[in-house]
Amino acid sequence: MAESMLKLEDIHKRFGDLEVLRGVNLDVAKGEVVCVLGPSGSGKSTLLRCVNLLEPPEQGEIFLEGRDICKGPGSGTGESSWELDFVRQRVGMVFQQFNLFPHKTVLENVTMAPEKVLDKPRAEVKAKATALLERVGLSDKLSQYPERLSGGQQQRVAIARALAMDPQVMLFDEVTSALDPELVKEVLDTMRELAAEGMTMLVVTHEMEFAKEVGDQVVFMDGGVIVEQGRPIDVLDNPCEERTKKFLGLVLER
Amino acid sequence: MNEVIHQFFDVGFMAEHFDEVLEGFWLTIQLWLFAAILSLAWGLGLALLRQLPGRKFLPVRFVTIAYIDVFRAVPLLLLIVLIATGIPSLDFIPKSIRIPEWFGKPDPFWYGTLALTITYGAYMAEVYRAGIEAVPQGQMEAARSLGMNHRKAMRHVIVPQAVGKVFAPMLNELITLMKDTTLVSVIALNEVVLTGQDIQSGTFNSSALTLGALMFIVVILPLARLTDKLIARNQGRVARGSHIEVA
């Protein structure tokens, strides 16, 4: 059994009266790619946001590299963990809406966090950012502002920006959902490469092909719980649960 | 009709008193500059205090909101008189602070600066707040997910964008501030209004006050036009779809 990178135990999260996560357990090994599927409102995005404590869970434990990251004063404030720095510097996140900093150039978007958070020397940060942007195929866009870029390019910048912090785990929250169809592939290709290099990834997606091809594990969520999980071929081609079958039927109909 | 022109628009009279009025107006401008810089800084401070997250800072947020509410409600003129008549009587404060004469400016100048800063700090805080709240939630989340704490996220990500968004309303406040500096004339600061009034009471001719008004127009009109232009440019940007949604 591979070394555990991330372990979720009985995670609960509610917003007011709405219980979005109702006891989620998940084990992610180092280097594993886990794809999370499910209808909207099933809690998949919230699950990702719990992992990097953007939404600290109210109940349950999350272990990152064996360390319990849910300990801390008060909950529901977004600041409830003692381990915020540990978590945020080890877990990178890419968002559906990219969330690039519009007042900064592409290069500055990538250098900002290492420079301001890790206090690394400027030259070192810049060299690394340039290399990362080259890796995602954007070395000719360094001094552009994000609004000049296509959605696919923006999303690749966002991936490079997260990688600049040397994360151990990458979270992808429906990163291709806001893209025009012809731009989806370039982003997925970048993610494929990342997976091939052994990055641990937790990917919320509607891209079935990607899940099948890249995922080591597929998780189907509905109603705040994991309904079914397992190898992609099992879950996607031979689902056991009615809810999974129904969802896959609806998705594949498109 | 001639009488009206003579009373308000006597060009010869204006020329005769030009230097005096200009001197008063120069004091107005200096008062404006001090109050503008201080209230921009104080307003930002208040806005940031108001945005502090978590239960821990609830009292800070409460006090800040109370401050802003109070000083948006208190008339500036009343505050000016209150400060100028009250502070000099506080014997426990050292005289150099109680009756300040820094940079060769008389004490009413500094009472005025204080009152304007207190009031306009509250106004500016509201302007900054509008800007901060106009920055999409995702920006803070992206900054936090990259390991920035609240302070760094505010400083490097949120505030620079917020200021860009409210540049026009901020200029508007600064214009209003310039005009409101005239209220300080009631505590005997020889700025442009009091200068004009003194001239009027000695000569029974109001043209010096009209001249003061003209000076305001000359300075403020370009600022107002600039504000309009900035607003138009911002609206153009919004109409074009702005940064994020471009696919």
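If you're wondering where the values come from, they're calculated on a predicted model, not measured in any experiment. Within every chain, numbering begins at 1; the chains are lettered A, B, ... in the order of the sequence lines, protein sequences first and strands thereafter.
- Counting heavy-atom pairs closer than 4.5 Å to chain B, the top residue among A:Gln89, A:Gln155, A:Arg148, A:Arg161 is A:Arg161.
- Side-chain atoms of A:Lys116 do not come within 3.5 Å of backbone N or O of B:Lys152 as any donor-acceptor pair.
- To the nearest 0.5 Å, the span separating OG on B:Ser145 from CG on A:Leu53 amounts to 12.0 Å.
- Looking at heavy atoms from C-beta onward, B:Gln139 lies in side-chain contact with A:Pro102 at the 4.5 angstrom threshold.
- A:Asn99 approaches B:Ala142 most closely through the heavy-atom pair O-CB, 3.6 Å.
- At a 4.5 Å heavy-atom cutoff, the contact between A:Arg49 and chain B is made by side-chain atoms alone.
- Summarising the local packing, CZ of B:Phe167 is surrounded by 12 or fewer heavy atoms from other residues, nucleotides or ligands at distances under 6.0 Å.
- A:Phe101 has its side chain out of reach of B:Pro160: every pair of non-hydrogen atoms, C-beta onward, lies at least 4.5 Å apart.
- In this structure, the side chains of A:Asn52 and B:Arg144 stay at 4.5 Å or more apart for every pair of heavy atoms.
- Heavy atoms of other residues, nucleotides or ligands lying less than 6.0 angstrom from CD of B:Glu23 number 12 at most.
- Taking CG of A:Leu84 as the start and NE2 of B:His150 as the end, the distance is 13.0 Å to the nearest 0.5 Å.
- Interface summary for chain B: among A:Pro114, A:Ala113, A:Ala164, A:Pro167, the most heavy-atom pairs under 4.5 angstrom belong to A:Ala113.
- Residues B:Met148 and A:Arg88 form no side-chain contact, since every pair of their non-hydrogen atoms from C-beta on lies 4.5 Å or further apart.
- Only the backbone of A:Val91 has a heavy atom closer than 4.5 Å to any heavy atom of chain B.
- Within a 6.0 Å radius of CD in B:Gln137, no more than 12 heavy atoms belonging to other residues, nucleotides or ligands are found.
- No more than 12 heavy atoms of other residues, nucleotides or ligands lie within 6.0 Å of NZ in A:Lys126, so this atom counts as exposed by the packing criterion.
- Around the NZ atom of A:Lys30, the shell of radius 6.0 Å holds no more than 12 heavy atoms that belong to other residues, nucleotides or ligands.
- Looking only at distances, a side-chain donor or acceptor of A:His103 sits under 3.5 Å from a matching main-chain atom of B:His156.
- For A:Glu61, the CD atom is densely surrounded, since the number of other residues' heavy atoms within 6.0 Å is greater than 12.
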Pair B:Leu146-A:Met93, side-chain contact (heavy atoms from CB on, under 4.5 Å): steps then yes or no: CA-CA 8 Å; B:Leu146 287 163; A:Met93 183 154 182; over 6 Å; no
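- Around atom CZ of A:Phe15, more than 12 heavy atoms belonging to other residues, nucleotides or ligands sit under 6.0 Å away.
- Other residues, nucleotides and ligands contribute more than 12 heavy atoms inside 6.0 Å of the CZ atom of B:Arg98.
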